[in-house]
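Lettering of chains follows the sequences in order, A, B, ..., and the numbering in each one begins at 1. Atom set for the values below is all heavy atoms of this structure, side chains included, hydrogens, waters and symmetry mates excluded. Just so it is clear, the structure is predicted and the values come from calculations on it, not from any experiment.
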Amino acid sequence: MGTSRGAENGFFERVYELVRAIPRGRVATYGQVARLLGLTRGARAVGWALRGLPRREERSVPWHRVVGAGGRVSPRAGPGPLLQRRRLVKEGVRFVRGRVDMGRHGAFS
DNA sequence: ACTTTGACTTGCA
DNA sequence: ATGCAAGCCAAAG
């Protein structure tokens, strides 16, 4: 295992692992995830990672709990921003003027 | 090794 | 509030 580098050391996997830790009804921003991984300005890279989320892992990684700065749902989010929003609302996440109320639902606020 | 690509963010007009 | 430019970062071509 030492020499072979699989998904366990890749940036993508680190992102997925962190996103898996976001509790139901809570959300985190791309920027927050990036910083928790040591990249102060790596929000974009996090988006890239989630975009590459294998269909197989869609069930185990709550991608819908990751939103843009200020609680905005990205227009280009996964299968569709509507689905993401629906899932969040279903979990009891409150939207204020079209944005997630981060003060109330931010997993790392 | 260089270029392109994005589920991003911030700042400024 | 709306729009756009620039900065940032990892992966893929």
Side-chain angles (χ1 to χ4, degrees):
Chain A
M1 297 284 267
T3 57
S4 71
R5 173 160 38 86
E8 52 206 35
N9 292 335
F11 176 72
F12 282 21
E13 273 304 319
R14 303 222 305 280
V15 170
Y16 302 157
E17 186 180 343
L18 192 45
V19 173
R20 270 187 215 107
I22 304 175
R24 201 163 178 287
R26 292 298 185 78
V27 303
T29 69
Y30 298 95
Q32 289 178 331
V33 173
R35 276 187 302 238
L36 286 173
L37 290 178
L39 301 180
T40 30
R41 303 258 186 279
R44 225 168 168 172
V46 171
W48 180 259
L50 288 180
R51 177 183 171 288
L53 180 68
R55 297 259 321 161
R56 173 126 184 25
E57 306 216 39
E58 278 183 32
R59 290 193 302 291
S60 62
V61 180
W63 55 269
H64 60 285
R65 296 182 189 144
V66 182
V67 300
R72 289 194 178 81
V73 171
S74 298
R76 301 166 182 173
L82 301 186
L83 172 61
Q84 178 170 19
R85 163 140 186 172
R86 251 168 41 218
R87 287 194 179 183
L88 290 175
V89 170
K90 198 180 210 173
E91 294 185 356
V93 172
R94 268 207 213 210
F95 278 74
V96 177
R97 289 194 309 278
R99 326 267 192 70
V100 170
D101 182 347
M102 294 304 284
R104 193 178 157 66
H105 302 288
F108 306 103
S109 315

**Request:** Calculate the interatomic distance between A:Leu39 atom CG and C:dC8 atom C1'; express it in whole Å.
**Result:** 10 Å
**Asked** Do other residues, nucleotides or ligands put more than 12 heavy atoms under 6.0 Å from A:Arg76 CZ?
**Response** no
**Asked** Between which nucleotides of DNA chain B, 5' to 3', does chain A make heavy-atom contacts below 4.0 Å?
**Response** B:dT5 to B:dT10
**Asked** Hey, does A:Gly78 reach any base, or is it just sugar-phosphate, or nothing, if we go heavy atoms under 4.0 Å?
**Response** base
**Message:** Pair A:Leu53, A:Val19 - check side-chain contact (heavy atoms from CB on, under 4.5 Å), show working.
**Reply:** CA-CA 11 Å; A:Leu53 180 68; A:Val19 173; over 6 Å; no
**Asked** For the pair made of OH in A:Tyr16 and C1' in C:dA11, what is the distance, rounded to whole Å?
**Response** 11 Å
**Message:** For A:Arg14, is there an ion pair with A:Glu17 - N to carboxylate O distance below 4.0 angstrom?
**Reply:** no
**Message:** Checking the side chain of A:Glu57 only, and the main-chain atoms of A:Pro54 only, is there a donor and an acceptor separated by less than 3.5 Å?
**Reply:** no
**Request:** Using atom CZ of A:Phe11 as one end and atom C1' of C:dC8 as the other, report the distance to the nearest whole Å.
**Result:** 11 Å
**Prompt:** Checking side chain to side chain donor-acceptor pair (under 3.5 Å) for the pair A:Glu91/A:His64: CA distance, chi angles, key distance, verdict?
**Reply:** CA-CA 11 Å; A:Glu91 294 185 356; A:His64 60 285; 2.8 Å; yes
**Whole angstrom value for the distance that separates P of C:dA12 from CG of A:Leu53** = 14 Å
**Asked** Is there a donor and acceptor pair closer than 3.5 Å between the side chain of A:Arg44 and the base of C:dC8?
**Response** yes
**side chain to side chain contact (heavy atoms under 4.5 Å, CB included) partner of A:Val15, chosen from A:Val46, A:Val61, A:Val66** = A:Val46
